[in-house]
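Read the structure below first, then the notes.
Because only heavy atoms are used, hydrogens play no part in the values below, and waters and symmetry mates are left out as well, while side chains stay in.
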Amino acid sequence: MDAKLEALKDLASLSRDVTFAQEFINLDGISLLTQMVESGTERYQKLQKIMKPCFGDMLSFTLTAFVELMDHGIVSWDTFSVAFIKKIASFVNKSAIDVSILQRSLAILESMVLNSHDLYQKVAQEITIGQLIPHLQGTDQEIQTYTIAVINALFLKAPDEKRQVGVESSVDILDCPLTEMANLLAQKQLRSIILTHVIRAQRAINNEMAHQLYVLQVLTFNLLEDRMMTKMDPQDQAQRDIIFELRRIAFDAESEPNNSSGSMEKRKSMYTRDYKKLGFINHVNPAMDFTQTPPGMLALDNMLYFAKHHQDAYIRIVLENSSREDKHECPFGRSSIELTKMLCEILKVGELPSETCNDFHPMFFTHDRSFEEFFCICIQLLNKTWKEMRATSEDFNKVMQVVKEQVMRALTTKPSSLDQFKSKLQNLSYTEILKIRQSERMNQEDFQSRPILELKEKIQPEILELIKQQRLNRLVEGTCFRKLNCRRRQDKFWYCRLSPNHKVLHYGDLEESPQGEVPHDSLQDKLPVADIKAVVTGKDCPHMKEKGALKQNKEVLELAFSILYDSNCQLNFIAPDKHEYCIWTDGLNALLGKDMMSDLTRNDLDTLLSMEIKLRLLDLENIQIPDAPPPIPKEPSNYDFVYDCN
């Protein structure tokens with residue numbers, strides 16, 4: 001048993017190497033592992049009492065080796081039997097099982113769902129929400145992360161018809177199979193569990209959990225895409241009734257004129273007048289305002305939600321603007337349509353989640369109808385900003401730009417609730433936005449006079465050399481990179497750093513993300529800088545030309561770069577963020593004697609130049625610097641003069 005345990009431990013470690021994995025798979029090693037898992041479950045149940053640590057470790061190493069081998073993409077996921085899926089699902093369903101076994105089992109289920117439509121159906125039939133909820137309610141953040149990853153995978157692969165059921169569904173969430181997962185993500189119970197046991201738990205959220213919450217947030221908002229891209233049918237009476245309801249709530253239109261030829265004209269005139277007060281562009285047939293996609297019918301849904309759930313605020317905004325002069329009224333209809341479109345752009349509704357982004361907002365997990373509530377807060381902000389700017393219809397686009405800036409600045413503070421978000425917006429009035437803009441302009445002031453430009457040219461080489469040294473020092477410190485493939489985000493890391501003499505790149509795989517610098521002598525592989533032929537970025541990278549989803553992900557594409565050396569050899573990178581991408585591409589180009597062309601270099605150069613010039617000009621404060629040098633005086637009539645230095 002001890003020998004077998006050591007062998008499985010070595011196998012789990014060696015399976016990360018693609019050459020070893022290829023040979024092991026050629027020897028039908030995958031089939032052997034699956035048979036061990038399928039046949040080992042009963043043995044595990046019998047032996048766990050007397051040999052739990054040893055046998056539990058064996059199963060853990062077996063599953064780890066399986067995950068590592070499958071991550072190379074050599075074997076298709078469609079080759080596995082229903083019996084194997086049931087065994088893996090049984091580990092997830094057990095109330096008491098080793099954490100490592102549970103982690104690997106959840107990772108396998110996630111990969112099955114993401115890589116095979118048939119396996120998605122089979123996995124979803126084996127797992128219910130009730131079986132996953134205990135893992136979310138636990139205290140192990142790693143298990144919670146893997147659990148949400150499985151939920152996200154099932155949500156992503158769910159057919160459209162499974163996603164569009166309303167949030168008022170009465171289905172019992174605990175007994176719901178995962179084939180119904182997508183439409184229940186908006187259910188109050190599951191959202192409440194994630195909010196209570198994950199987001200508001202008394203511990204910091206690590207990067208992987210933040211990424212999975214971000215993915216969940218994006219996939220939830222993507223449920224709005226269908227309505228966002230649906231045009232209104234002007235002939236659809238049910239859709240027209242929504243507009244009638246908006247009018248009725250705003251103006252309390254209880255009495256209608258009698259249905260006669262004379263009153264029909266009066267009715268049309270009254271409707272046209274009211275639709276104008278509601279701020280529609282097309283006063284005669286406001287249904288035409290919702291034929292543009294995006295935002296399509298989503299804008300009308302938001303307006304109706306605001307009118308029904310925040311009725312007092314809705315009536316106040318409509319009546320307040322209908323009583324103003326025409327040139328200063330804020331058109332509620334037009335504003336709502338453009339605001340909905342803007343919010344969809346901010347939240348990237350309809351876009352696939354990024355592989356590298358961790359930008360989730362806790363406040364969107366605090367309400368069952370978070371997007372609608374988000375809209376309700378922002379439409380009131382828009383009306384308030386309109387009044388503060390004393391705007392007219394000609395200023396509409398300017399107002400929308402200010403509102404977008406207010407919303408974006410409030411979101412960057414990551415408010416924990418919608419009420420806190422609303423409070424942040426209260427402190428970002430139009431006057432405050434003007435102060436912030438002025439302050440930013442002062443900090444980025446660009447001197448354009450000729451003497452200043454000449455001074456810039458003189459000191460720019462010094463600044464560039466300073467930036468170059470900073471980039472090289474950062475390369476010497478090194479960076480931990482995450483390994484990604486086209487199937488799923490993985491907890492695999494490798495480290496790369498430049499030697500102190502700037503002559504060798506040291507790199508190697510890591511078991512986990514390091515807390516600090518990794519000594520260069522602990523990294524197994526080396527690449528002499530003299531052997532580097534070129535540095536390529538983006539779609540020119542070899543690993544971005546391979547088949548798979550990575551090349552379709554714009555954000556990953558923007559973080560990719562490769563070092564080319566020897567013949568057909570390369571070292572492929574995907575930076576953890578844009579800042580590290582700029583640091584490394586700048587540093588590598590500096591090593592090769594090329595210009596540093598990143599956005600970060602331009603920003604650093606501008607900032608440092610501005611600071612250096614301001615420092616040098618301190619003694620000239622309140623002294624007018626001429627745009628041109630003073631004129632050269634005329635030559636003297638003769639040179640018969642001398643100055644006695646004594």
Side-chain angles (χ1 to χ4, degrees), residues 164 217-234 236 239 242-243 246 275 278-283 285-307 309-310 313-314 317-318 321 329-354 359 361 363-364 369-386 389 391-412 418 421-422 425 428 430 433 554:
Q164 299 304 330
Q217 172 186 290
V218 171
L219 294 177
T220 304
F221 282 137
N222 280 357
L223 295 178
L224 304 169
E225 183 182 10
D226 183 63
R227 294 295 284 174
M228 182 181 75
M229 300 308 295
T230 299
K231 294 182 179 181
M232 184 172 184
D233 181 3
D236 189 317
Q239 295 179 359
I242 299 177
I243 298 178
L246 290 173
Y275 291 148
L278 280 170
F280 290 112
I281 297 174
N282 192 318
H283 305 155
N285 185 9
M288 299 303 297
D289 287 11
F290 301 95
T291 56
Q292 178 187 356
T293 57
M297 288 295 293
L298 184 60
L300 188 58
D301 294 342
N302 284 338
M303 293 168 71
L304 183 63
Y305 181 91
F306 182 51
H309 293 82
H310 300 269
Y314 167 70
I317 287 176
V318 172
N321 285 288
E329 63 183 11
C330 178
F332 173 75
R334 182 186 176 190
S335 298
S336 298
I337 293 169
E338 291 301 320
L339 179 64
T340 300
K341 182 179 179 181
M342 185 187 78
L343 297 182
C344 288
E345 291 173 355
I346 291 174
L347 298 177
K348 300 181 179 179
V349 175
E351 295 185 19
L352 287 175
S354 163
D359 188 25
H361 296 280
M363 72 177 191
F364 291 129
R369 305 290 292 273
S370 58
F371 184 81
E372 289 87 344
E373 288 293 324
F374 186 43
F375 168 84
C376 293
I377 293 172
C378 292
I379 191 65
Q380 295 178 73
L381 168 71
L382 192 153
N383 187 67
K384 173 175 170 286
T385 303
W386 185 283
M389 294 178 65
T392 65
S393 57
E394 296 176 354
D395 301 318
F396 187 86
N397 291 333
K398 293 180 182 178
V399 175
M400 294 303 298
Q401 290 173 4
V402 173
V403 170
K404 184 174 183 178
E405 184 174 348
Q406 290 170 314
V407 172
M408 294 293 288
R409 289 185 183 277
L411 285 177
T412 56
L418 290 164
F421 172 70
K422 191 173 183 179
L425 290 176
L428 285 171
Y430 176 58
I433 291 293
K554 182 179 178 182

Between CG on residue D233 and CZ on residue F290, distance to nearest 0.5 Å
14.0 Å

What pairs with M229 under side chain to side chain contact (heavy atoms under 4.5 Å, CB included), at least two apart in sequence or on another chain?
E225, T293, P294

Would you please name every residue forming a salt bridge (charged side-chain N to carboxylate O under 4.0 Å, His left out) with K384, sequence neighbours left out?
E388

Who are the side chain to side chain donor-acceptor pair (under 3.5 Å) partners of H283, not counting sequence neighbours?
none

Flag the pair C330 / L382 as yes when at least one side-chain heavy-atom distance between them is below 4.5 Å, and no otherwise.
yes

Atom pair CE/OG1 of M297 and T340 - distance to nearest 0.5 Å:
11.5 Å

Minimum heavy-atom distance between F332 and L278, given as atom pair plus value:
CB-O, 3.4 Å

Side chains of N302 and F371: closer than 4.5 Å at any heavy-atom pair?
yes

Kindly write out the residues that satisfy salt bridge (charged side-chain N to carboxylate O under 4.0 Å, His left out) with E372, not counting sequence neighbours, or none if the list is empty.
R369

Please list, chain by chain and in numerical order, all residues satisfying side chain to side chain contact (heavy atoms under 4.5 Å, CB included) with Q380, sequence neighbours excluded.
F306, A313, R316, I317

Interatomic spacing from CG in N282 to CZ in R334 - rounded to 0.5 Å
13.5 Å

Contact list for residues 396-412, test salt bridge (Lys or Arg N to Asp or Glu O under 4.0 Å), sequence neighbours left out:
E405-R409, E405-R437, R409-E440

Got a sec, which residues hit side chain to side chain contact (heavy atoms under 4.5 Å, CB included) with A287, two or more places apart in sequence or on another chain?
M232, P234, I243, N285

If we count only N and O atoms by modelled type, under 3.5 Å, do the side chains of Q406 and Y430 hold a donor and an acceptor together?
no

Work out which heavy atom in L352 is nearest to a heavy atom in V218; give both atom names and the distance.
C-CG1, 4.5 Å

Name all residues meeting the side chain to side chain donor-acceptor pair (under 3.5 Å) criterion together with D236; count only those two or more places apart in sequence or in a different chain, and write none if there are none.
none

Roughly how far, to the nearest 0.5 Å, is OG of S354 from CG of D359?
10.0 Å

Minimum-distance pair of heavy atoms, taken over all atoms of E329 and W386
O-CZ2, 3.3 Å

For residues 342-349, which side-chain N or O atoms pair as donor and acceptor with protein atoms under 3.5 Å away, sequence neighbours left out?
none

Note, Y314 side chain near C376 side chain (heavy atom, < 4.5 Å)
no

Set of residues satisfying ring pair (Phe, Tyr, Trp, His ring centres under 6.0 Å) with respect to F364, sequence neighbours excluded
F221, H361, F374

E373 side chain reached by F421 side chain, heavy atoms, under 4.5 Å:
no

Side chain proximity check, D395 to M389, heavy atoms < 4.5 angstrom:
no

P331 and N321, any side-chain heavy atoms less than 4.5 Å apart:
no

Write out all pairs satisfying salt bridge (Lys or Arg N to Asp or Glu O under 4.0 Å) with one or both partners inside residues 296-307, taking only residues at least two apart or from two chains.
R227-D301

List for me each residue that meets side chain to side chain donor-acceptor pair (under 3.5 Å) alongside Y275, sequence neighbours excluded, and say none if there are none.
none

Do L246 and L300 make a side-chain contact, defined as non-hydrogen atoms from C-beta onward lying under 4.5 Å apart?
yes

